[in-house]
Each structure stands twice: as C-alpha cells, then as structure tokens.
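Structure first, commentary second.
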Number of protein chains: 2
Amino acid sequence: MEIILSNLKIQVNEKIYVKDPETSALGKKIIEQSILLIDAIGFDNFTFKKLGEKIGSNESSIYRYFENKHKLLVYLSSWYWSWMEYKLVFATTNITDKKEKLNKAITIVTEKITDDTATEHINEAILNKILIAEFTKTLHTKEVDQENKEGFFLIYKRVINRIVTIVKEVNPEYAFAKSLVSTIVEGSLHQHFLTDHLKTITDCNDTVTTTQFYLNLTENVLR
Amino acid sequence: MEIILSNLKIQVNEKIYVKDPETSALGKKIIEQSILLIDAIGFDNFTFKKLGEKIGSNESSIYRYFENKHKLLVYLSSWYWSWMEYKLVFATTNITDKKEKLNKAITIVTEKITDDTATEHINEAILNKILIAEFTKTLHTKEVDQENKEGFFLIYKRVINRIVTIVKEVNPEYAFAKSLVSTIVEGSLHQHFLTDHLKTITDCNDTVTTTQFYLNLTENVLR
DNA sequence: CATAATTGATAGTAATACTATTATATTTGC
DNA sequence: GCAAATATAATAGTATTACTATCAATTATG
C-alpha cells in the first residue's frame with residue numbers, strides 16, 4: 001500500500017482552492033504546516049498570518065492558494081475523504097464474502113489513524129485528529145447548500161454511498177442504509193472525540209475501540 | 001405539560017454567564033432575540049453588536065450578561081438540554097414497561113421540535129433548529145476540557161446517562177450503552193441536519209423520520 | 001536570456017471582539 | 001418620597017482578524 005499511495009495524486013474539487021497547492025513547493029508547505037498548526041492551536045485560533053509566520057511566508061501568498069481558512073479546512077477534509085476512499089476501495093476489492101467486505105469497510109472508516117502513512121507532506125494521523133476535532137465545521141455554515149451545490153462535499157458523500165452499497169448487499173431489506181452509514185461515519189469521529197474529551201458518555205477507549213462498537217452495532221442491525 | 005413548563009425555572013450552570021439573564025427584562029430579551037438572530041444569520045455571523053442593534057440595546061450591556069458569544073451558545077444549549085431532560089423525565093416516569101419507556105425516551109430526544117411550547121421568551125422550535133445547526137460548536141473548541149471541568153456540559157451528559165440507565169434496564173448485557181446513546185443523541189441532530197442539507201446521505205425525511213430510524217436501530221441492537 | 005509567473009513586503013480598510021469610563025436611567029430599601 | 005444602589009446606555013479606544021491592493025524582488029520556463 002505504501003508504494004501505491006506515495007504515487008497517488010489525491011483529487012480535490014478545483015473550486016475549493018484558488019491555486020492548486022499540489023503544484024508548488026509553497027503550496028505543499030501550506031498544506032503540511034497548516035495541518036500541524038491547526039492541530040496545535042485549533043481551527044478557531046488558526047489564522048493565515050500565524051501560518052505565514054510559521055512557514056516564513058507572507059500572509060498574502062497564502063491567500064493566493066486559498067480564499068480563506070474555511071476553504072483550507074474544506075480542502076484538508078476533502079483530501080482526507082479522498083484518501084479514505086482510496087483505502088476503502090483498495091481494502092474491499094476482491095473480497096467476495098459480503099459480510100467480511102462490510103466489516104472491512106467499517107473498520108477502515110471508524111478506526112483511529114495512529115501512524116503517518118505514505119504521502120510526502122501530509123501526516124494522516126494528525127489530519128485524522130483534525131477531522132475528529134474540526135470536520136463538522138466544514139458543514140455547519142450558512143453557505144452549506146451553496147457549497148454542496150458546488151461539489152465541496154462530493155467525496156465525503158461518495159465514501160458514504162460506497163459503504164451504503166455494501167450494506168445493501170448484506171441486507172437488501174434494510175430500510176435505513178444511508179442513515180446507518182452516515183451515522184457510523186460521522187458518529188465514529190464523534191466517539192473518538194468523546195474518548196478524548198467526554199469519557200463519561202462513551203464506552204470507547206484504548207481497549208474497547210470505536211470500531212468494535214460499530215462492528216457490533218452493524219452486525220445487530222443488519223442480521 | 002404546558003402549565004407545568006411555564007412555571008418551570010430551567011437551571012443553567014452559573015459559570016456560563018456573568019449575570020443570570022433570567023433576572024431581568026433585558027436578559028430575557030437577549031435570550032429571546034439571540035435565538036432568532038442566530039437562526040437567521042448563523043452563529044458564525046452573529047455578533048453582540050448586531051444583537052444590540054436588534055434589541056435596541058448597547059453592545060456593552062450584553063457583555064454584562066455573557067463574556068462572549070460562545071458562552072451565550074453554551075447557555076442556550078444548556079437551557080435546551082435542561083428542557084429536554086424535563087420532558088424526558090416527565091414522559092418516562094411511571095412507565096413500567098421497560099421497552100416502552102426506552103422508546104418514549106428515544107422519541108423525545110430524536111424528534112424534531114416543530115411547535116413553540118410553553119415558555120415565555122424562548123421559542124423551542126427555533127432553539128431546536130439552532131441546536132441542529134450549531135450544537136457541535138459548543139464542544140469543538142480548544143477549551144473543551146477546561147469547560148467540561150467547570151461543568152458546562154453537565155446537563156447534556158446527564159440527559160445521555162439517564163437514557164443509558166433505561167437502555168441497561170432493557171438489556172443489561174449490552175456492552176455499549178453509553179456509546180449507543182451518545183450516538184443517538186448526537187446522531188439525531190446530525191440526521192436532521194442531513195435532511196435539511198445533504199439529502200443524498202440520509203433516509204430520513206418528512207415521512208420516514210429520524211425517530212423511526214433510531215427506534216428501529218435500538219430495537220435491533222438490544223434484542 | 002527575456003518574459004512570465006510567483007512570491008514577498010508594505011500598506012491600508014472594515015469588521016470583530018472586546019475593555020474602560022462616564023453619564024443617565026431605573027429600582028429598591030428605608 | 002427620596003437617597004443610594006444598581007443597571008443600562010453612550011462613547012471611545014485597542015488589538016486582532018480577515019481580508020485587498022500595489023509594487024518590488026525572485027524564480028521558473030520557453
């Protein structure tokens with residue numbers, strides 16, 4: 001997987017950026033360091049000025065890549081879900097047993113990423129932390145309908161619908177496949193958040209994982 | 001229920017506000033109108049200056065009630081969950097059948113509030129809309145651990161743990177009661193959000209409700 | 001090597017998120 | 001009914017944010 005991933009160009013909707021950050025050294029530095037800075041100080045405290053200082057570049061240069069920090073977060077999220085989709089497709093192709101395929105898929109989207117994988121300038125483990133802490137903010141804006149129309153959330157929705165297809169293979173009778181999967185994908189980020197911050201309302205921790213919870217849940221719901 | 005609710009003083013943690021808004025006409029106006037304004041323009045675009053203009057009061061007067069807009073949102077959320085807890089307790093007390101009790105509880109926390117209920121200056125239907133759109137923002141900050149320590153999320157956690165108790169009465173063997181309930185409570189807000197904005201990844205709509213999805217899910221998981 | 005494209009530096013604006021001070025109402029306690 | 005206390009309003013001011021515009025300096029490319 002390592003080799004393949006390192007050659008992989010993750011596709012992100014062009015409308016999200018002003019200039020594709022993958023096309024220059026500065027662009028890659030913006031992505032790499034924004035992930036570290038958002039993780040360190042949180043998205044709310046993150047500014048392009050601070051990022052500029054961190055990478056030794058001018059604020060105005062960053063604006064040539066992204067209109068604002070919201071779009072940058074949408075970009076990072078899109079990249080993440082694109083990477084997730086790749087992992088998902090890679091891990092489930094050629095599995096003939098439907099239940100096994102579904103379990104694999106659920107494992108992929110619910111497990112916490114703990115190690116930096118193949119890509120050059122992107123630390124997926126930290127990006128996963130950012131998604132856990134900040135992903136909902138990409139959706140919860142007044143512009144969500146407009147941005148949805150422009151395709152900002154296409155990859156996210158595609159990841160969910162890929163798993164929906166697998167769910168329907170396991171149980172074609174089940175009436176809530178979409179809601180189940182969207183609950184799992186969003187909910188697993190939430191359970192990771194609770195594990196980190198509000199331990200009294202989750203059972204998930206280092207030994208009992210979020211993945212186990214959702215595997216068990218899905219098994220029970222679809223049987 | 002109407003009469004009782006109108007006499008009810010909803011309790012909110014004192015640390016959330018500078019001055020209790022329930023103790024003055026201006027305070028109540030701040031709560032009433034902030035709900036309408038946040039609903040209208042979204043929390044991100046909401047400022048104390050705009051609220052001041054809307055209620056014909058000075059910005060600085062609002063700061064005497066709330067340190068900042070984040071605390072105001074935490075207050076509104078707290079109030080909502082306190083109201084929800086009241087409804088929950090009221091609706092489930094004296095129900096002896098455990099499954100019926102759980103179904104009632106799940107219905108209470110997952111259904112969309114569509115009508116303004118008893119309280120004077122608070123429109124619960126609109127407040128519910130705000131929770132659907134903005135609640136995650138109360139938790140997803142760098143200060144979450146500190147604020148959790150100070151008890152900002154106590155009522156929210158108590159609502160969840162009340163339902164956890166009911167789940168355990170129905171099935172004491174089930175190992176993920178907390179995660180199940182926190183998934184339901186948070187997830188139902190999310191499903192309502194998807195129904196409003198990302199319809200392609202949910203099955204919930206006007207005829208098939210979020211409540212039905214979660215009743216079915218819980219039934220299957222605990223049987 | 002000339003030209004184009006990119007980046008950096010500087011400056012500037014409007015809005016945000018407050019704090020401080022003082023004046024003016026309004027409430028309450030005697 | 002009035003003085004004292006309290007609440008509110010008005011004004012001003014600061015630091016930061018979230019940009020935009022301009023122009024100079026650097027780097028890439030044909």
Side-chain angles (χ1 to χ4, degrees), chain A residues 14-34 37-38 40-76 121 134 137-138 140-143 146-147, chain B residues 14-34 37-38 40-76 121 134 137-138 140-143 146-147:
Chain A
E14 287 184 7
K15 286 178 186 161
I16 295 171
Y17 48 73
V18 180
K19 180 187 164 158
D20 187 351
E22 291 290 330
T23 60
S24 76
L26 178 62
K28 284 174 189 164
K29 218 163 151 192
I30 288 170
I31 300 307
E32 177 183 25
Q33 296 297 316
S34 67
L37 189 55
I38 291 171
I41 65 176
F43 183 68
D44 296 346
N45 303 314
F46 172 88
T47 67
F48 280 179
K49 196 174 183 192
K50 287 175 188 168
L51 178 61
E53 276 158 27
K54 191 181 168 80
I55 65 179
S57 263
N58 198 273
E59 201 188 351
S60 61
S61 303
I62 300 166
Y63 277 103
R64 286 203 192 84
Y65 287 85
F66 294 99
E67 260 180 67
N68 51 51
K69 70 174 185 171
H70 167 73
K71 293 257 174 92
L72 172 57
L73 185 64
V74 172
Y75 179 91
L76 295 177
H121 54 290
E134 321 284 4
K137 292 173 191 170
T138 64
H140 289 90
T141 70
K142 268 282 157 182
E143 296 77 35
Q146 181 56 35
E147 294 187 351
Chain B
E14 286 184 7
K15 285 177 186 161
I16 295 171
Y17 48 74
V18 180
K19 180 186 164 159
D20 186 351
E22 291 290 331
T23 61
S24 76
L26 178 62
K28 284 174 189 167
K29 217 163 151 191
I30 288 170
I31 299 308
E32 178 183 24
Q33 297 297 316
S34 67
L37 189 55
I38 291 170
I41 65 176
F43 184 68
D44 296 346
N45 302 316
F46 171 88
T47 67
F48 280 179
K49 196 174 183 193
K50 287 175 189 170
L51 178 60
E53 277 159 26
K54 191 181 168 80
I55 65 178
S57 265
N58 200 272
E59 202 188 349
S60 60
S61 303
I62 301 167
Y63 276 103
R64 286 206 193 80
Y65 286 86
F66 294 100
E67 260 181 65
N68 50 51
K69 71 173 184 170
H70 168 72
K71 293 260 174 90
L72 172 57
L73 186 63
V74 173
Y75 178 91
L76 295 178
H121 54 291
E134 320 284 3
K137 293 173 190 169
T138 64
H140 289 89
T141 70
K142 268 283 158 184
E143 296 77 35
Q146 181 56 36
E147 294 188 350

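Predicted model, so just to flag it, every value in this text is computed and none were measured.
Tyr65(B) is not listed as a side-chain neighbour of Ile31(B), based on a closest heavy-atom distance of 4.5 Å or more. Here the side chains of Leu76(B) and Ile38(B) are in contact, with some heavy-atom distance below 4.5 Å. In this structure, the side chains of Thr138(A) and Glu147(A) stay at 4.5 Å or more apart for every pair of heavy atoms.
Sorted by first and then second residue, the pairs that involve residues 64-73 of chain A and meet salt bridge (charged side-chain N to carboxylate O under 4.0 Å, His left out), not counting sequence neighbours, are Glu67(A)-Lys71(A).
Listed by chain and number, the residues in a salt bridge (charged side-chain N to carboxylate O under 4.0 Å, His left out) with Glu134(A) are Lys137(A) (sequence neighbours excluded). Every side-chain hydrogen bond (donor to acceptor under 3.5 Å, both in side chains) that Gln146(A) has, sequence neighbours left out, goes to Glu150(A).
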- Could you encode protein contacts along nucleotides 11-16 of chain C as a string, one character per nucleotide from 5' to 3', using B for base contact, S for sugar-phosphate-only contact and - for no contact, with a heavy-atom cut-off of under 4.0 Å? -----S
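Leu73(A) contributes atom CG, which lies 9.0 Å from atom CZ of Phe46(A) (distance to the nearest 0.5 angstrom). Atom NZ of Lys19(A) and atom CG of Leu26(A) lie 8.0 Å apart (nearest 0.5 Å).
Heavy atoms of Phe48(A) sit nowhere under 4.0 angstrom from any nucleic acid atom.
Close approach of DNA chain D to chain B, defined as any atom under 4.0 Å from a non-hydrogen atom of the protein, starts and stops at dA7(D) to dT11(D).
For Lys142(B) (side chain) and Asp44(A) (main-chain N/O), no donor-acceptor pair under 3.5 Å exists by modelled atom type. Using modelled atom types, no side-chain atom of Lys29(A) and backbone atom of Gly56(A) make a donor-acceptor pair closer than 3.5 Å.
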Please produce a list of atom pairs where a protein N or O lies less than 3.5 Å from an N or O of nucleotides 3-7 of chain C.
residue	atom	partner	partner atom	Å
dT6(C)	OP1	Lys19(A)	NZ	3.3
dT7(C)	OP1	Tyr65(A)	OH	3.1
dT7(C)	OP2	Tyr65(A)	OH	2.8

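For Tyr63(B) and dT21(C), the OH to C1' distance is 17 Å, given to the nearest whole Å.
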